[in-house]
Participant: 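I'd like to ask you about the structure that follows.
The chains referred to below are lettered A, B, ... by the order of the sequence lines, with proteins before strands, and numbering in each begins at 1. Note that the structure is predicted; figures quoted are calculated from it, not measured.
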Amino acid sequence: MRYSEMFLPTVREVPSDAEVISHQLMIRAGMIRKLTSGIYSYLPLGYRVIRKLEQIIREEMNKAGAQEVFMSMVQPAELWQESGRWIHYGKELLRFRDRHDHEYCLGPTHEEVITSLVRNDIKTYRQLPRNLYQIQTKFRDEVRPRFGVMRCREFGMKDAYSFDVDEEGAEKSYEKMFNAYNNIFRRCGLKFRPVEADSGSIGGKYSHEFMVMADSGEDAMAFCEKCSYAANLEKAEVSSPERKETLEQDWLPLEEVLTPDVRTIEEVSGFLKVDPQNIVKTLIFSGDGKPYAVLIRGDKDINEIKVRNYLNIAELELASDEMIKDVTGAPRGFAGPVKIKIPVLIDYSVMGMVNFVTGANKEDAHFKNVNMGRDFKAEAFADFRVVTENDQCPRCGGDIKLARGIEVGHVFKLGTKYSKAMKAVFLDKDGQEKIMIMGCYGIGIGRTVAAAIEQNNDANGIVWPMPLAPYQVIITPVNVNEASLTETAESLYQAMTAEGIDVIYDDRDERAGVKFKDADLIGIPLRITVGRKDLAEGRVELKIRKTGEVRLCPLDDIVKQVKEMIRQDMDFNIS
RNA sequence: CGGGGCGUAGCGCAGCCUGGUAGCGCGCCUGCUUUGGGAGCAGGAUGUCGAGUGUUCAAAUCACUCCGCCCCGACCA
């Protein structure tokens with residue numbers, strides 16, 4: 001492609017509304033433009049990267065035995081009513097009516113559609129297993145779109161769905177996708193890791209998220225330094241402690257103390273001169289409308305997802321002031337487990353604590369020397385805590401470390417959640433009707449591209465890994481008004497194009513500096529500079545974007561060399 | 001949904017408080033010079049000042065309403 005003919009509007013200034021580096025660079029490099037909040041247009045350069053990624057995904061999915069389909073983005077309400085998600089999905093599901101007043105939604109995902117497709121045409125175990133995937137635009141009406149293409153409302157996604165006759169088969173399907181995902185992200189040249197994850201509202205038994213390591217990532221994860229354990233912070237387990245009993249002779253008499261307007265752990269700690277480790281925090285939650293108290297050591301944080309999962313309820317939120325007043329008889333800040341009449345869940349961190357401080361369920365009062373067993377019953381002990389750095393690994397006891405990442409892929413074991421609700425059944429060998437076992441597997445396309453930029457950039461712009469690079473080579477004649485330079489550049493361009501290399505020929509009448517800056521910004525891995533001095537000696541300059549390394553190459557060898565370098569960089573990630 | 005901020009040329013912003021000629025930088029167009037890391041000089045084009053209503057002789061500026069966008073929080077595959 002000739003640069004002079006391209007629609008490639010690069011921008012020198014950093015756009016004011018772009019927070020993260022990938023967003024800034026995608027706009028500056030002329031990859032994307034915002035249409036409206038959370039909705040973007042991809043320009044030619046951006047779309048080429050998307051296509052490169054999609055190609056890698058297609059290759060690996062096909063290799064894993066999946067088949068590509070293409071399903072509508074517009075979906076009828078009936079299907080969602082059948083699965084039950086018309087009610088449960090919430091406001092992220094964009095709903096609308098057509099001229100006949102029929103209800104529809106824009107698909108945020110396609111479990112309903114694929115299940116309806118499969119149940120109509122798969123009737124016997126002979127037609128199973130199957131794995132179908134598509135690359136489609138999804139729409140989720142995000143509360144707050146942000147970070148450019150990383151968290152937007154309309155986005156490209158590869159979603160695959162597997163259907164199996166039994167658990168064992170489903171396990172295999174899952175495994176295949178897990179491996180395919182590893183291949184995909186490795187081929188993209190990304191530093192990533194699969195982590196155990198909570199399966200959220202899509203449902204299902206367990207799942208892995210594929211996280212691209214990035215400090216700007218929205219997700220936090222915990223991983224073990226010693227073994228391979230890695231989990232989303234939402235899911236990361238705390239190893240259950242040895243059962244510890246406290247000794248009755250250590251218990252001091254319960255004492256009520258006046259604590260006027262002292263509410264938070266810091267305030268209590270400061271006022272009573274007690275370490276947060278000797279205070280027990282009591283949080284009142286509303287779970288599907290009913291109150292629960294959760295106890296945790298003062299210096300720790302509660303992981304609401306663990307509480308929700310433990311109670312097996314749909315919604316959990318901190319209780320309102322009214323509910324707190326109602327169940328504790330006191331305003332917010334003075335709740336405690338003593339004589340409270342609602343279920344009390346206790347985090348492991350409280351185990352073994354003696355003579356601790358809690359709220360007194362009375363305005364401006366706390367208890368000192370509270371002891372479990374005497375002052376309240378110890379029931380429902382479990383892990384309700386957010387993992388912290390240097391906790392012990394639940395698998396091997398090693399040190400837990402925290403890191404941030406961008407979730408680019410997610411593999412789920414769905415089980416029969418949708419097949420059951422929507423009656424996706426088949427006849428087995430014995431003529432018995434059985435429910436299909438499903439799995440679903442997503443990859444965020446735009447997000448993966450953004451993640452790649454987060455990991456591969458420098459002060460001058462993007463540094464594309466070869467497999468994702470929109471173009472592999474850019475040829476830059478230093479001055480297009482010198483015929484010898486343009487003739488050489490032109491013939492190199494022709495030769496490389498003929499060799500199947502993705503190449504930009506920067507034939508613009510611009511100063512060399514401008515072209516260099518643009519080439520760096522848009523991140524082309526290899527740059528060939530055709531200048532007068534080197535050309536006089538029959539050579540051109542080859543600059544490697546990633547390392548900054550510059551080589552002088554004889555003209556008659558450059559195409560071969562470039563081809564070899566590309567081959568190596570396309571291959572280096574494949575094991 | 002709660003809190004905060006912004007909306008003026010393609011982009012980034014000033015002007016608004018204290019009402020009266022709409023400005024700066026970058027970009028864009030023309031010409032000359034320049035030509036290995038975002039050139040110099042000269043000339044030029046470009047605005048329903050987010051929309052509406054009101055106050056006023058007069059509104060980018062004051063008031064009210066609406067819309068859009070961004071940030072923090074809550075929420076979340």
Participant: Can you check nucleotides 25-27 of chain B for protein contacts, nitrogen or oxygen pairs under 3.5 Å, and list what you find?
Facilitator:
from: B:rG25; atom 1: N2; to: A:E13; atom 2: OE1; distance (Å): 3.2
from: B:rG27; atom 1: OP1; to: A:R12; atom 2: NH2; distance (Å): 3.2

Participant: Would you please name every residue forming a side chain to side chain contact (heavy atoms under 4.5 Å, CB included) with A:D159, sequence neighbours left out?
Facilitator: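 If we apply the side chain to side chain contact (heavy atoms under 4.5 Å, CB included) test to A:D159, skipping adjacent residues, the hits are A:H110, A:Q134, A:K138, A:M157, A:Y161.
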
Participant: Can you find a side chain N or O atom of A:R144 that sits less than 4.0 Å from OP1 or OP2 on B:rC71?
Facilitator: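 Yes, because at least one side-chain N or O of A:R144 sits under 4.0 Å from OP1 or OP2 of B:rC71.
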
Participant: Using heavy atoms to find the nearest nucleotide of RNA chain B for A:A512 and A:S16 separately, return the residue whose nucleotide is more 5′.
Facilitator: A:S16

Participant: Would you mind pulling out the nucleotide paired to B:rC66, Watson-Crick or G-U wobble, both distances under 3.5 Å?
Facilitator: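 Paired with B:rG50.
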
Participant: Tell me, yes or no, whether the heavy-atom count around A:K176 atom NZ, taken from other residues, nucleotides or ligands under 6.0 Å, exceeds 12.
Facilitator: no

Participant: If you measure from CG on A:N479 to CG on A:N481, what distance do you get to the nearest 0.5 Å?
Facilitator: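 Answer for the CG-CG pair, A:N479 versus A:N481, is 5.0 Å.
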
Participant: Checking ring pair (Phe, Tyr, Trp, His ring centres under 6.0 Å) against A:F178, which of A:F210, A:Y441, A:F185 comes through?
Facilitator: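 Among A:F210, A:Y441, A:F185, the one meeting ring pair (Phe, Tyr, Trp, His ring centres under 6.0 Å) with A:F178 is A:F210.
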
Participant: Mind jotting down which residue pairs meet the salt bridge (Lys or Arg N to Asp or Glu O under 4.0 Å) criterion with at least one end in residues 475-488 of chain A? Sequence neighbours excluded, please.
Facilitator: A:E482-A:R532

Participant: Between the side chains of A:R539 and A:E537, is the shortest nitrogen-to-carboxylate-oxygen separation below 4.0 Å, so that they form an ion pair?
Facilitator: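 Here A:E537 pairs with A:R539 in a salt bridge, since their nearest N and O are under 4.0 Å apart.
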
Participant: Applying a 3.5 Å limit to both distances, which nucleotide forms a Watson-Crick or G-U wobble pair with B:rG38?
Facilitator: none

Participant: For RNA chain B, which residues of residues 151-160 of chain A approach it to below 4.0 angstrom with any heavy atom?
Facilitator: A:R151

Participant: Tell me which nucleotide, if any, is Watson-Crick or G-U wobble paired with B:rC13 when both distances must be under 3.5 Å.
Facilitator: B:rG23

Participant: Under 6.0 Å from the six-membered ring centre of A:F163 and within 45° of its axis: does the NZ or CZ of A:R130 meet both?
Facilitator: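 Not satisfied by the 6.0 Å and 45° rule.
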
Participant: Pull out every residue in residues 29-45 of chain A that has a heavy atom closer than 4.0 Å to any atom of RNA chain B, ordered by number, or say none.
Facilitator: A:K34, A:T36, A:S37

Participant: Starting at the 5' end of RNA chain B, which residue's closest nucleotide do you reach first, A:G409 or A:K533?
Facilitator: A:K533

Participant: Let me know the distance between CZ of A:R140 and P of B:rC75, rounded to the nearest Å.
Facilitator: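 Going from CZ in A:R140 over to P in B:rC75 covers 18 Å.
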
Participant: Taking a pair as Watson-Crick or G-U wobble with both distances under 3.5 Å, which nucleotide is matched to B:rG43?
Facilitator: B:rC29

Participant: Using a cutoff of under 3.5 Å, can you pull out all pairs of nitrogen or oxygen atoms linking the protein to nucleotides 3-6 of chain B, with atom names and distances?
Facilitator:
none

Participant: Does the ring of A:W86 carry A:R95 above it, NZ/CZ under 6.0 angstrom from centre and within 45° of its axis?
Facilitator: yes

Participant: Give none if B:rA74 has no partner; otherwise give the nucleotide forming a Watson-Crick or G-U wobble pair with it, both distances under 3.5 Å.
Facilitator: none

